[in-house]
Structure formats: C-alpha cells, structure tokens
Amino acid sequence: MDTLSRLEKTIAQRMFASPDKSYVAKLKSKGLPKIAQKVGEEAVETVIAAMGDDREELVAESADLLMHLLVLLQVKDIPLADVMAELDRREGTSGLEEKASRSE
C-alpha cells in the first residue's frame, strides 16, 4: 500500500475519533466549509513556498495540501482511487487537448 493510500485509510479511521484527540475529527466537526477553506489555505501556502528558495518548506506545504485534500475527499465520499482513475484516464493525453475537451 502506498503512502497516500495509507493516509487515506488513517483519515477515514480518524473521522470518528474524538475531536479532542484527532485533528482530522476536529476539522470534520467544523464542517465542509472549514475543510474546503483549509484546502484553499494550504494551496496558497504551497504556491507561496514554491515562489521561494526553501525546498523543505515547499515539501512540507505540499504534504499539508495533500493531507487536507484527502480529508476533503473523505468528507465528500470520494475515494482516492477515483481521483487516480481520472489521472489514469488522462494519461497519454496532451494537457492542452484534455483542457480543451472540458470546455466543449
């Protein structure tokens, strides 16, 4: 099992923990708007880190972004496998072609 799959499983288990004992449960208790806000915040922090020269900061912010995205997917009942399948579907297609096909 790869790291993201293990993390997805851990997040699923922690959804039902006490918000006093689990960050994931605490975030879930605040609801979807807060979870989505956290994904946005982490995305912005990742972009800011990318503009700097600190490799470790970018790695850390990227990990935060992936973790919060997995929480969001869990709350929306979307398995990581569905996202991976979409990436598989797009594999071998030009990014420009794929983007153009969405606007048709």
Side-chain angles (χ1 to χ4, degrees):
M1 184 183 294
D2 68 17
T3 303
L4 287 176
S5 295
R6 286 192 311 272
L7 180 57
E8 178 185 41
K9 187 174 184 175
T10 299
I11 288 168
Q13 292 168 344
R14 293 191 180 162
M15 285 282 171
F16 302 102
S18 166
D20 296 332
K21 304 217 180 230
S22 167
Y23 173 76
V24 169
K26 184 176 183 177
L27 190 56
K28 179 188 170 208
S29 74
K30 293 181 179 182
L32 180 60
K34 183 62 175 178
I35 296 167
Q37 177 186 348
K38 285 299 295 180
V39 172
E41 287 172 9
E42 296 301 341
V44 169
E45 290 171 5
T46 301
V47 169
I48 291 168
M51 300 307 292
D53 294 327
D54 188 337
R55 181 182 187 281
E56 289 77 24
E57 182 182 7
L58 178 55
V59 169
E61 293 300 343
S62 297
D64 289 348
L65 176 58
L66 288 171
M67 194 284 294
H68 284 89
L69 179 58
L70 287 174
V71 171
L72 177 65
L73 291 172
Q74 180 70 40
V75 167
K76 295 297 290 182
D77 197 29
I78 298 173
L80 177 61
D82 289 3
V83 176
M84 301 309 286
E86 177 61 14
L87 289 172
D88 287 343
R89 185 190 68 76
R90 294 179 185 187
E91 188 174 2
T93 303
S94 158
L96 295 174
E97 290 173 11
E98 195 282 326
K99 189 168 182 159
S101 74
R102 287 188 269 155
S103 61
E104 293 175 354

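Just so it is clear, the structure is predicted and the values come from calculations on it, not from any experiment.
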Heavy-atom donor-acceptor pair, [X] side chain to [Y] backbone, under 3.5 Å:
X	Y	value
Ser22	Ser18	no
Thr46	Glu61	yes
Glu8	Leu80	yes

Check for me, please, whether [X] and [Y] land in the same ILVMFWY cluster - side-chain distances under 4.5 Å, paths through other members count.
X	Y	result
Val39	Val44	no
Leu58	Ile48	no
Val47	Leu65	no
Ile35	Leu4	yes

Nearest 0.5 Å, what's the [atom1]-[atom2] distance between [X] and [Y]?
X	Y	atom1	atom2	result
Asp2	Leu7	CG	CG	10.0 Å
Leu87	Asp82	CG	CG	11.5 Å
Gln37	Glu42	CD	CD	10.5 Å
Lys34	Glu41	NZ	CD	5.5 Å

Worksheet entry | Sequence neighbours excluded, every pair satisfying salt bridge (charged side-chain N to carboxylate O under 4.0 Å, His left out) that has a member inside residues 46-60 | none

Fill in: Reference residue Val75; test side-chain contact (heavy atoms from CB on, under 4.5 Å); the match among Val24, Leu70, Leu32
Leu32

Could you check whether any side-chain heavy atom of [X] comes within less than 4.5 Å of a side-chain heavy atom of [Y], counting everything from C-beta outward?
X	Y	answer
Val71	Met15	yes
Met67	Ile11	yes
His68	Leu27	yes
Arg6	Lys9	no

Fill in: Cation-aromatic face contact Lys28/Phe16, 6.0 Å, 45 degrees
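Yes, a cation-pi geometry.
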
Worksheet item: For residues 26-52, which residue pairs qualify under ring pair (Phe, Tyr, Trp, His ring centres under 6.0 Å), counting only residues two or more places apart or in two chains?
Response: none

